Structure formats: C-alpha cells, structure tokens
> 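Structure provided below as structure tokens; questions to follow.
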Amino acid sequence: MGLLSLMLAVPFVAAIACLFMADRSARLIALAATLVDFALGIVMWARFDVGGAQWQFTERADLFGRFQWALGIDGMAMMLIMLTVFLMPLCILASWEAITKRVGLYMAMFLAMEVIMIGVFCAQDLLLFYIFFEAGLIPMYFIIGIWGGANRIYAAFKFFLYTLLGSVLMLIAMIAMIREAGTTDIPTLLAYNFPPEMQTWLWLAFFASLAVKMPMWPVHTWLPDAHVQAPTAGSVVLAAILLKMGGYGFLRFSLPMFPVGSDVMAPLVLWLSAIAIVYTSLVALVQEDMKKLIAYSSVAHMGYVTAGIFAANQQGIDGAIFQMISHGFISGALFLCVGVIYDRMHTREIDAYGGLVNRMPAYALIFMLFTMANVGLPGTSGFVGEFLTLMGIFQANTWVAMVATSGVILSAGYALWLYRRVVFGDLIKESLKTITDMTGRERAIFAPLVVMTILLGVYPALITDIIGPSVEALVGNYQTALAASGDAVQVAGH
C-alpha cells in the first residue's frame, strides 16, 4: 500500500470504528487517527523531491473497465493535503466539549471529510476525482443538518442543492472529455489538445461547478447560511479546506486542459472576482452576526484567489495558492475565536459583547493577531498572499488590480470594527462579568495556528519553493498552448 492510500485508509477505518464506540472512545480514536495522518503528511513532505518528477507518490490499480484507482501529487496538491492534515486534529479538539450528542457519528463524519478532501487533492483519475469531489457534500450536509444552529435544515439543503446543480454540468463535461480523448487519466488529459471550439464549453461546464464551490459572486449565497448554522469545527473545515477544492479544480482542469477557453473567459473571471472583493466586503460591514461577517470576508478573500489564478502568470498563481493556504489558517482561526466566546455565552450577536479585554486578555491578544492577519498586515501570511496575487493581477489587468486593491482597505474596515466592538470598550453587560479566559485546551488549539500564520508571513519560501516548479510548468504549458492555438487559427484563416 502506497503512502497516499495509507493516508486515505487511516481515517476511513477510524471513521467506521467511531460509529460503534462510546463518546469518550470515539473522541480519542478520531484524535489519534488525525494525528497519525498528520505524521504521515510530514513523512510525505520530507520525501517530496522539489523540482523532481512532476507527479510523485503515484499509485495505479485497475478496478473495473476504465475506472482506475490512480493517485499522485505535485507541489500544489501536496500543500493542500498538508493543510488538511494539519487542521483536522485541531477540529477534533475544538469539538471535544462542544459536541455532546451522537459524538461517535460526529467524529465519523469528520474523519470521512478528511478521507474525501485528501482524495480530491491526490486523485489522478477523472471519475475518481469526481466521486471524491461530490462525496464531500454528504458528511458536510449531515454536520450542518444534525449539529447545526436553529435554521440548520434550510442551510443544509441550500448548501446541498447549490453545489449539486453546478456539478451535474461538470459531469456532462467529463463524459464529453472521456469520449473525445478516450481516457480518464488526468496526466494524459493534461497533455491532450482539446479542439478550441470545444474548450470554451468545457470550461463553462467546469466553471459552473467550481465557481459554486469557491464560492464566487453571485453564486456565494449558500456560504454565509452554511457557516452561521454549522458547528464551529464544521465552519473551520468548510472555510479552510472545502472552499479550496474549487481553486484546486481551476488549477488542475480549467487552466491546463482548456487554455483557449480560459483565455477567452479570463476577463469575465477577473471582473467577477473584483466585484466579489468589493461587494462582499461592503456586505460584511453591516453584519450583526460574527460568523456571517467572517463568512463574507471569506468570499472576498477567495476573490483574490480566482483573480490570481486567471491572471495566469507566476506571481498570480503562486499568490493564489499561498492565499488559499494562508486563508485556511487565518479563517479557521477566526471561526475558532468565535467558537470560544460562543461556547461561553451561546450567542454570536456582535452587540452582545464589548469590553472582553478586561476579562479575557489572552483571548483578546489571539483574536487581534488573526484579525490583523485577515486584514493582511505585513509580517503575517495574509500579507504575502494578497501582495503576490495583486502583483499578478496588475500584470494581467491594471483596472481589475485597482478595484481589487480597494478590498484591502475595506477589509481593514470591517475586521477592525468587529474587533473594537467585541473586545474594547467598558465591560458594561452583566452577563459578561463572569466570563472566563481561554482554557489550556483552547490555547493548545490556537498555538499551532499562531505559529504557522507568523512563520509563513516571515518565511513564505516554505510554500513558494515547493509549489514553484509545478506553477512554472503550468504557466509554461498554458502559454505554449495559447501560442499554438493562435498559430493554428492563423493557418486556418489563410
């Protein structure tokens, strides 16, 4: 069994075990399984040959017909798998005391999510990718629907229907690709030249699914509802990892497989991203609910990612991937910050708080660090991602870059205003006079997130060195394919 199969098998076996265990045992099994997967991730990182073969840790086994069990990763996929295995133990710890009903099922759902997310990032077969990509809906649907807030059923259905509708088009496109190229093997498809007139249609079909998953404006409305109703750890997984599947799909399929389609549609994506950054930042400014505010800020930050990807140059794509990883740590931490006070007061209304710094100084410090990182303060990972994407966008389209840059100012507006209202001021409200600061468990959850946010802000090469060769190959192939199609059009014209 290869390393990637092992990383899929560990949480899968543990998920089945959790279903039959008592509450305490289920928690311990889930924590142990996620920590084992993290350790395997470290082994994978250590063995990864930067600048070596494009696909590493490949495994192949014919299952039936055209369907293959084919796994393998490049630098981009490895960073997203590392993000997944890093955050999962923290999600289990965050749910330790907050979840009291059906604990075994809850832990099994989170472990199933881990299997699916790793599967999406390492699948090398088109059908296998689709199965993993769609399967992610099921555990998340249950996590929101069973352990969510008061309006959870509505949010779960909306999440399910939105993401499912887009994916039907992607499946049709995949069938067309298999008929055209005669294979489901992703590396083979990456080298296949699809007819230019077919590319735009394929691109649009994939876009329908990936844009909802990202989520891009205007198909983002499921996200704030899902976040508000989901339990804290559910929000962390949703914001930090599930949204990244959309970005990964753009990088793995849209740009390399349909370069002509991507080139034709790039201005549309750039402008949609710019609108998303400004519009959702303005919407975030008027939110009353903390989780909703952070959810809208996530949509804005994903706007930088899509714009960076379709700038289709080294800085833009480097920045987009860096932004995805960095956003995973920062938004995950912000949702955990809301979870800390929600567990004590059982409300997310911003007006219910104020003056928390007087009773919770350690919490105020942690919350401030992640608020600043979310704004993009130099020295934090948020700055590097935004700066790189804006550099890339500027080379592609100056006007879009100008509109997108205004999002930096707006994000400072809503993030700092939220912080001031919750943490500063006088402690007037009676209910807050007995609130206690973070426990040892909560501090332990935040410690690794603090380390990563600062480390990546000071030493971004930790990520850029690994993704660099993959991005370089992607951009090089994209430019070559565009040049070739341009020549072919000219020849046809003569």
Side-chain angles (χ1 to χ4, degrees), residues 87 91 94-95 98-101 106 109-110 113 136-164 212-244 246 276 279-303 327-328 330-353 356 367 370-371 374 411 414-415 417-419 421-422:
L87 286 168
C91 289
S95 317
I99 302 295
T100 49
K101 66 171 187 180
Y106 180 87
M109 286 300 154
F110 266 85
M113 285 295 299
L137 288 176
I138 301 162
M140 201 67 214
Y141 173 75
F142 285 119
I143 289 166
I144 297 171
I146 299 176
W147 296 276
N151 216 357
R152 59 185 183 270
I153 305 298
Y154 167 76
F157 269 109
K158 191 170 179 181
F159 161 69
F160 198 86
L161 291 172
Y162 259 74
T163 28
L164 196 67
V212 173
K213 205 74 153 192
M214 269 306 281
M216 285 180 71
W217 179 87
V219 286
H220 66 286
T221 54
W222 62 268
L223 184 80
D225 289 325
H227 270 312
V228 169
Q229 299 305 327
T232 300
S235 284
V236 174
V237 169
L238 188 59
I241 310 163
L242 267 181
L243 305 190
K244 311 300 180 287
Y279 171 76
T280 50
S281 298
L282 291 171
V283 175
L285 274 169
V286 297
Q287 294 308 315
E288 301 293 317
D289 182 301
M290 281 189 252
K291 261 193 168 182
K292 228 172 190 167
L293 190 147
I294 300 166
Y296 277 110
S297 101
S298 278
V299 182
H301 282 94
M302 290 297 102
H327 177 264
I330 295 166
S331 72
L334 284 170
F335 280 115
L336 289 167
C337 285
V338 176
V340 168
I341 47 178
Y342 181 76
D343 287 346
R344 288 161 174 69
M345 305 302 298
H346 299 292
T347 175
R348 287 183 301 264
E349 290 294 315
I350 298 172
D351 291 346
Y353 298 97
L356 286 183
F367 194 10
F370 289 113
T371 302
N374 198 35
S411 72
Y414 61 72
W417 196 43
L418 167 73
Y419 188 79
R421 287 188 290 169
V422 172

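Not measured: the values here are computed from a predicted model.
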> Hey, could you give me the CG/CD distance between Leu293 and Glu288, rounded to the nearest 0.5 Å?
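One gets 10.0 Å once the value is rounded to the nearest 0.5 Å.
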
> Parallel, tilted or perpendicular: which fits the ring planes of Tyr342 and His346, with parallel below 30° and perpendicular above 60°?
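The rings of Tyr342 and His346 stand perpendicular, inter-plane angle above 60°.
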
> In the structure I gave you, are the side-chain heavy atoms of Met302 and Lys244 within less than 4.5 Å of one another anywhere?
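Answer yes - side chains close enough.
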
> Can you find a pair of side-chain heavy atoms, one from Trp222 and one from Val212, that are under 4.5 Å apart?
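Result yes, sub-4.5 Å side-chain heavy-atom pair found.
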
> Just checking Phe157: does its CZ atom have more than 12 heavy atoms from other residues, nucleotides or ligands closer to it than 6.0 angstrom?
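Count not over threshold, so no.
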
> Is there a side-chain contact between Tyr154 and Gln229 in this structure, where contact means two heavy atoms from C-beta onward sitting under 4.5 Å apart?
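Of all side-chain heavy-atom pairs linking Gln229 with Tyr154, none is under 4.5 Å.
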
> Which distance, rounded to the nearest 0.5 Å, do you find between the CG of Leu243 and the NZ of Lys213?
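The NZ atom of Lys213 is 9.5 Å from CG of Leu243, to the nearest 0.5 Å.
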
> Over all heavy atoms of both residues, which pair between Gly339 and Thr232 is shortest? Give the atoms and the distance, please.
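In this case the closest contact between Gly339 and Thr232 is CA-OG1, 3.5 Å.
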
> Please answer whether the main-chain N or O of Val338 pairs with a side-chain N or O of Arg348 as donor and acceptor at a distance below 3.5 Å.
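No.
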
> Can you measure from OH (Tyr414) to CG (Leu285) and round to the nearest 0.5 angstrom?
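Rounded to the nearest 0.5 Å, the OH-CG separation comes to 8.5 Å.
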
> Walk me through it: do Met113 and Ile143 pass the test side-chain contact (heavy atoms from CB on, under 4.5 Å)?
CA-CA 10 Å; Met113 285 295 299; Ile143 289 166; 4.1 Å; yes

> Leu356 versus Phe367: any side-chain heavy-atom pair under 4.5 Å?
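No - every pair of side-chain heavy atoms lies 4.5 Å or more apart.
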
> Which pair of heavy atoms, one from Ile153 and one from Gly145, lies closest together, and at what distance?
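So the two residues come closest at CD1-O, 3.8 Å.
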
> Only one of Ser331, Pro224, Ser235 clears side-chain contact (heavy atoms from CB on, under 4.5 Å) with Ser298; which?
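The single option meeting the side-chain contact (heavy atoms from CB on, under 4.5 Å) with Ser298 is Ser331.
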
> First locate atom NE2 of His301, then atom CD1 of Ile294, and finally report the distance between them rounded to the nearest 0.5 Å.
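The NE2 atom of His301 sits 11.5 Å away from the CD1 atom of Ile294.
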
> Kindly give the heavy-atom pair with the smallest separation between Ala415 and Thr371, and that separation in Å.
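Looking at all heavy atoms of both residues, the shortest contact is O-CG2, 3.5 Å.
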
> Specify the closest pair of heavy atoms between Cys91 and Val236, including all atoms of both residues, with the distance to one decimal.
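Taking every non-hydrogen atom into account, SG-CG1, 3.7 Å.
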
> Is there a side-chain contact (heavy atoms from CB on, under 4.5 Å) between Phe335 and His227 once you walk through the steps?
CA-CA 9 Å; Phe335 280 115; His227 270 312; 3.5 Å; yes

> Of all the heavy-atom pairs spanning Ala230 and Gly234, show the shortest one and how long it is.
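Heavy atoms only, the tightest pair is CB-C, 4.3 Å.
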
> Using a cut-off of 6.0 Å, state whether more than 12 heavy atoms not belonging to Tyr419 lie near its atom OH.
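Above 12, so yes.
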
> To the nearest 0.5 Å, how far apart are OG in Ser95 and CH2 in Trp147?
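Ser95 OG to Trp147 CH2: 10.0 Å, rounded to 0.5 Å.
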
> How long is the straight-line distance from CG of Asp289 back to OG1 of Thr347, given to the nearest 0.5 Å?
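One gets 8.0 Å once the value is rounded to the nearest 0.5 Å.
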
> Considering residues, nucleotides and ligands other than Tyr353, do more than 12 of their heavy atoms fall under 6.0 Å from its OH?
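Check passes, neighbour count above 12.
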
> Looking at side-chain heavy atoms only, is the closest gap between Leu223 and Leu238 below 4.5 Å?
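With C-beta onward as the side chain, the pair touches.
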
> I want to check something: taking the side chain as every heavy atom from C-beta on, are Leu418 and Ile350 in contact at a cut-off of under 4.5 Å?
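The answer is yes, as the side chains (C-beta and beyond) meet within the 4.5 Å cut-off.
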
> So do the side chains of Lys292 and Asp225 get within less than 4.5 Å of each other, counting heavy atoms only?
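Yes. Closest side-chain heavy atoms under 4.5 Å.
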
> So Met290 and Ile341, side-chain contact (heavy atoms from CB on, under 4.5 Å) or not? Walk me through it.
CA-CA 11 Å; Met290 281 189 252; Ile341 47 178; 3.5 Å; yes

> How about Tyr296 and Leu282: do any of their side-chain heavy atoms sit closer than 4.5 Å?
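When only atoms from C-beta onward are counted, Leu282 and Tyr296 do not touch, as no gap falls below 4.5 Å.
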
> Of all heavy-atom pairs between Val299 and Pro215, which one has the smallest distance, and what is that distance?
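What the structure gives for the nearest pair is CG1-O, 3.7 Å.
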
